[in-house]
Amino acid sequence: MDDLDERDRRIIALLQQDCRLSNAELAESVGMSVSALWRRVRTLEQAGVIERYGAVVNPEAVGLGFQAIVHVHLTRHDPDRIVEFNRAVEQRPEVQECYATTGQADYHMRVLCRDLAAYNRFLEDFLFRQPAVASAQTNVVLRMVKKGGQVVP
């Protein structure tokens, strides 16, 4: 959707700040009727601009105090093994995000675990058992500097 206007942008920004706003609150904030706002939001959802709604959970508050960025190097770029690796990664709850990238590493993952021992089990029992994986380099996250930036269309 390339034809977003200022109201669409404002709706998107407000929903990214608090997706629990009622349609009435949102409509008032952007100066629209509730029905017109509802149609706009529905259009944004159908166009894939708004992918989903959800809660942001503090990992430490639920016992996931270990966070790492993992740089994964593949053995070779066999399409079947890549598909297998991607499917396996999608199933792992420890992997919060995974990106296929250019550069030295083939993939970059953000991984959350309870502690270092749990992360070691993740490596030994899962990651290093994947046929496509040659090696992985771990960077332990010491602290979060910026989290969950908003997409500004």
Side-chain angles (χ1 to χ4, degrees), residues 1-4 8-23 25-26 29-30 37-38 40-153:
M1 214 174 142
D2 293 330
D3 56 343
L4 296 175
D8 292 327
R9 288 180 177 79
R10 181 80 176 127
I11 291 167
I12 292 166
L14 289 167
L15 286 173
Q16 286 182 101
Q17 289 171 12
D18 183 2
C19 68
R20 292 174 27 144
L21 288 171
S22 70
N23 282 342
E25 293 168 319
L26 201 52
S29 294
V30 296
L37 172 99
W38 182 85
R40 287 247 188 159
V41 170
R42 185 85 173 134
T43 299
L44 292 168
E45 292 168 347
Q46 290 173 340
V49 173
I50 297 173
E51 292 181 349
R52 67 181 180 89
Y53 300 91
V56 178
V57 175
N58 178 335
E60 289 185 18
V62 294
L64 299 172
F66 182 90
Q67 185 171 191
I69 306 299
V70 185
H71 312 280
V72 179
H73 304 267
L74 301 181
T75 54
R76 61 177 197 253
H77 294 88
D78 178 332
D80 292 335
R81 285 196 171 172
I82 290 172
V83 168
E84 180 183 339
F85 174 75
N86 290 343
R87 285 186 182 144
V89 165
E90 288 172 356
Q91 300 303 311
R92 294 303 297 214
E94 301 93 338
V95 179
Q96 298 298 296
E97 298 167 299
C98 181
Y99 303 94
T101 63
T102 61
Q104 290 184 350
D106 299 297
Y107 287 86
H108 296 269
M109 300 187 295
R110 186 171 68 89
V111 176
L112 290 177
C113 292
R114 184 164 300 287
D115 52 27
L116 182 58
Y119 178 67
N120 193 52
R121 285 190 301 278
F122 167 79
L123 289 176
E124 291 178 355
D125 297 343
F126 170 69
L127 192 62
F128 293 147
R129 293 179 187 257
Q130 298 302 307
V133 174
S135 65
Q137 177 185 353
T138 300
N139 292 96
V140 175
V141 175
L142 300 176
R143 66 183 153 84
M144 183 72 67
V145 175
K146 181 179 179 180
K147 180 179 180 179
Q150 291 186 356
V151 176
V152 182

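Computed from heavy atoms alone, side chains included, the values below leave out hydrogens, waters and symmetry copies. Here the structure is a predicted model, which means the values were calculated and not measured.
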Inset, instruction - Side-chain contact test, heavy atoms from C-beta onward, threshold under 4.5 Å: evaluate it for Thr75 versus Arg81 and give yes or no. - result: yes
Legend entry - Donor-acceptor contact present, side-chain Thr43 to main-chain Ala47, <3.5 Å: no
Inset, instruction - Identify the heavy atoms of Ala136 and Val70 that sit nearest to each other, and give their distance. - result: CB-CG1, 3.9 Å
Legend entry - Beyond-backbone contact of Met109 with Leu127, side-chain heavy atoms, under 4.5 angstrom: yes
Inset, instruction - Output the distance between atom CD (Gln67) and atom CD (Gln96), rounded to the nearest 0.5 Å. - result: 8.0 Å
Legend entry - Spacing of Leu123 atom CG and Leu116 atom CG [to the nearest 0.5 Å]: 9.0 Å
Inset, instruction - Give the minimum heavy-atom separation between Arg10 and Ser29, together with the two atoms involved. - result: NE-O, 4.4 Å
Legend entry - From Asp8 atom CG to Arg40 atom CZ, the distance as rounded to the nearest 0.5 Å: 4.5 Å
Legend entry - Leu14 vs Glu25, side chain to side chain contact (heavy atoms under 4.5 Å, CB included): CA-CA, chis, key distance, verdict: CA-CA 10 Å; Leu14 289 167; Glu25 293 168 319; over 6 Å; no
Inset, instruction - Using atom types as modelled and distance alone, determine if a side-chain donor or acceptor of Arg110 lies under 3.5 Å from a backbone N or O of Val95. - result: no
Inset, instruction - Would you mind reporting whether Tyr107 and Leu74 have side-chain heavy atoms less than 4.5 Å apart? - result: yes
Inset, instruction - Could you grab the distance from atom CD of Glu90 to atom CZ of Phe85, nearest 0.5 Å is fine? - result: 10.5 Å
Legend entry - Glu94 and Leu112, any side-chain heavy atoms less than 4.5 Å apart: no
Inset, instruction - Apply the test side chain to side chain contact (heavy atoms under 4.5 Å, CB included) to residues Ile12 and Val151: give CA-CA distance (whole Å), side-chain angles for both, the deciding distance (0.1 Å), then the verdict. - result: CA-CA 8 Å; Ile12 292 166; Val151 176; 5.8 Å; no
Legend entry - Atom of Tyr119, atom of Cys113 and distance for their closest heavy-atom approach: CA-SG, 3.7 Å
Inset, instruction - For residues Arg114 and Leu64, report the shortest heavy-atom separation together with the two atoms involved. - result: N-CD2, 3.7 Å
Inset, instruction - Report yes if the side chains of Leu44 and Leu4 come closer than 4.5 Å at any heavy-atom pair, otherwise no. - result: yes
Inset, instruction - Please indicate whether Glu97 has more than 12 foreign heavy atoms, meaning atoms of other residues, nucleotides or ligands, lying under 6.0 Å from its CD. - result: yes
Legend entry - Arg92 to Phe122, cation-pi by 6.0 Å centre distance and 45° axis angle: no
Legend entry - Beyond-backbone contact of Ile82 with Asn86, side-chain heavy atoms, under 4.5 angstrom: yes
Inset, instruction - Determine whether Tyr53 and Glu45 make a side-chain contact, defined as any pair of heavy atoms from C-beta on separated by less than 4.5 Å. - result: yes
Inset, instruction - Please examine the side chains of Val140 and Phe66, heavy atoms only from C-beta on, and report whether any two atoms are closer than 4.5 Å. - result: yes
Legend entry - Closest contact, heavy atoms only, Arg129 versus Asp125: CD-O, 3.2 Å
Legend entry - Distance in Å, Leu15 CG paired with Leu26 CG, rounded so as to fall on 0.5 Å steps: 5.0 Å
Inset, instruction - Flag yes if more than 12 heavy atoms outside Gln17 fall under 6.0 Å of its CD atom; otherwise flag no. - result: yes
Legend entry - Value rounded to 0.5 Å, distance of NE2 in His71 from OG1 in Thr138: 8.0 Å
Legend entry - Ile69 backbone acceptor or donor facing His108 side chain under 3.5 Å: no
Inset, instruction - May I ask you to check whether over 12 heavy atoms, not counting those of Glu60, lie within 6.0 Å of atom CD? - result: no
